[in-house]
Number of protein chains: 2
Amino acid sequence: MPPSKPRSPAPLYEQIRQLIVAALAAGEWRPGDALPSEAALAQRFGASPGTVRRAMDELAAEHIVERRQGSGTFVPTHAAPRQQFRFLRLVADDEAEGFTRELLGCRRLRASAEVARALGLRTSEPVIEVRRLLHRRGRPVVLDELWLAERHFEGLTAEVMARHPGTLYALFETRFGVHMVRAEEKLRAVAATPEAAQLLQVSPGEPLLSVERLAFTYGDRPVELRRGLYYTSSDHYRNELN
Amino acid sequence: MPPSKPRSPAPLYEQIRQLIVAALAAGEWRPGDALPSEAALAQRFGASPGTVRRAMDELAAEHIVERRQGSGTFVPTHAAPRQQFRFLRLVADDEAEGFTRELLGCRRLRASAEVARALGLRTSEPVIEVRRLLHRRGRPVVLDELWLAERHFEGLTAEVMARHPGTLYALFETRFGVHMVRAEEKLRAVAATPEAAQLLQVSPGEPLLSVERLAFTYGDRPVELRRGLYYTSSDHYRNELN
DNA sequence: CAGTGGTCTAGACCACCAT
DNA sequence: TGGTGGTCTAGACCACTGC
């Protein structure tokens, strides 16, 4: 019995998609959890299975959920090996894998105008700044500096990061419930400052790839600003254009 | 004792997708043309409309076809304004738009080992090399060098390019029937060589963003190798991570 | 107005996974 | 074996476009 649909601004599958995102943002299902089956969700939202399926298609394409045939639909976690390099596009020319992390510092300060604007904070709101190096084959190749609103990452210290073996995004997810969903990056070539040169073991003025990233959690909320300096002598930033 | 599982053939919608790509590669529909309606295609392939629709969903997501509600489904063309910057991710910090093109040279030579490998040619097969500059606000910001197999671009000369007002990819499409579908890029920061420095009006050694692109036409056939040097002082390469 | 893609429903069967 | 997502079908109605 096809019910006559009332006029609505967004299609039903889009409304359902947004409801699921809202539920994820509210923590109804955490990373690693299975979502209810598509049939159960169809019941919950009063839609047909095909419509819920369409919503899940969109969410799977955005990597907001992950399907496993026969098992169910799950909330992806940055702890999974597959997610390891989802936001780090720097690959070795010879396809070597993996980095080792070296924490340089973690301190609390007031948001600069730039950080405040990017993260949607009031100026001089408390912010946590993290600096670190990534090494490949014993050589530093990435110098990362990143800023987080303290109110979302209360208790983040050098200690906490040192104890955590995985990626930062995996830590943010398990410890602070902040799951990164997508990011925007601006790339430039810049000359190494004396400080960056020393840390990356290159000469001052050496060309470095500057990667400025704004990362978003559910609902397009910006939660991290990051500035990376990549030494691209035997590594490159890989991109795919469609 | 488990019975040997026969290899499952690709799903019907995937087979249909490939048949449509093959028809596009064969030139059955040219850029700007409308494809047959989904109902007509369903008839042609002996599938239900929903299955054909699924195939078109995939093709639309890859930008291999473009849907216009109420009008039909079309082959996109690089001549359309929307496609103008599909493969050029360099944007001005102040969002200014547009470039002016300056052709530096176009000559015929034999494929280097690197070009041959990238384009799948025999070494020393004839290749066309194009060099040009892109200017923004009267200032050079991109130095492009690109290589094409001559057998796919016979008759491409400086004259032909000078007469054509649009982008290179629009020219390739209308004049040579080669439509670019996707590309892979490798980015690095490099120091300007004396020659590049002079052309881009910067000091030798200045950091430049090196963008090496391999562009593909239908069926993942590589047809263009390109090396761009971007001056990223008041422009940046924009990327989106999902 | 006719024709197109866009949405939504309903249900059958298959492939895969855990138990 | 039961439950899950994956495929495929069939058809209704809506929204938009162009004549």
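Residue numbering restarts at 1 for every chain, and letters A, B, ... go by the order of the sequence lines. For the numbers below, each heavy atom of this structure counts, side chains included, while hydrogens, waters and symmetry mates do not.
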*Minimum-distance nucleotide to Glu38(B) side chain [options: dG5(C), dT7(D), dA10(C)]*: dG5(C)

_What I want to find out is whether Asp94(A) reaches Arg137(A) closely enough, with some N-O distance under 4.0 Å, to be called a salt bridge._
yes

*For the pair made of CD in Glu58(A) and P in dG6(C), what is the distance, rounded to whole Å?*
12 Å

*Verify the contact: side-chain N or O of Arg54(A) to OP1 or OP2 of dT7(C), cut-off strictly under 4.0 Å; return yes or no.*
yes

*Quick one: which of dT7(C), dC8(D), dT9(C) gets closest to the side chain of Ala47(A)?*
dT9(C)

*Quick one: which of dG5(C), dG6(D), dT9(D) gets closest to the side chain of Ser48(B)?*
dT9(D)

*Calculate the interatomic distance between Arg53(B) atom CZ and dC8(C) atom C1'; express it in whole Å.*
12 Å

*Are OP1 or OP2 of dG5(C) and a side-chain N or O of Thr73(B) less than 4.0 angstrom apart?*
yes

*Could you give the CZ-to-P distance, from Arg17(A) to dG6(C), as a whole number of Å?*
18 Å

*Atom pair distance, as rounded to whole Å: CG in Leu35(A) and P in dG5(D)*: 9 Å

*Is the Phe172(A) ring parallel, tilted or perpendicular to the Tyr169(A) ring (thresholds 30°, 60°)?*
tilted

*What is the distance, rounded to the nearest whole Å, between atom CG of Leu41(A) and atom P of dC8(C)?*
16 Å

*asked:* Would Arg68(A) pass as a cation-pi partner of Phe74(A), given that its NZ or CZ must be under 6.0 Å from the six-membered ring centre and within 45 degrees of the axis?
replied: yes

_Among dT4(D), dT9(D), dT9(C), the one nearest Ser37(A) by side-chain distance_ = dT4(D)

*How about His179(A) and Tyr218(A): are their ring centroids closer than 6.0 Å?*
yes

*From dG5(D), dC8(D), dG5(C), nucleotide with atom closest to Pro11(B) side chain*: dC8(D)

*State whether Tyr13(B) places a side-chain N or O below 4.0 Å from either non-bridging phosphate oxygen (OP1 or OP2) of dT7(D).*
yes

*Are more than 12 heavy atoms from other residues, nucleotides or ligands located less than 6.0 Å from atom CD of Glu240(B)?*
yes

*Spacing of Phe74(B) atom CZ relative to dG5(C) atom C1', expressed in whole Å*: 11 Å

*Report yes if at least one side-chain N or O of Thr51(A) is closer than 4.0 Å to OP1 or OP2 of dT9(C); otherwise report no.*
yes

*Is it true that atom CD of Glu159(B) has more than 12 heavy atoms of other residues, nucleotides or ligands lying nearer than 6.0 Å?*
no

_Distance in angstrom units between Glu14(A) CD and dC8(C) C1', rounded_ = 15 Å

Between protein and nucleic acid, restricted to nucleotides 17-19 of chain D and to nitrogen or oxygen atoms under 3.5 Å apart, what atom pairs and distances do you find?
| residue | atom | partner | partner atom | Å |
| --- | --- | --- | --- | --- |
| dT17(D) | O3' | Ser71(B) | OG | 3.3 |

*Just how far, in rounded Å, is C1' of dT4(D) from CD of Glu66(A)?*
15 Å

*Pairs in or reaching into residues 9-60 of chain B: which pass ring-ring contact (aromatic ring centres under 6.0 Å, His included), with residues at least two apart or in two chains?*
none

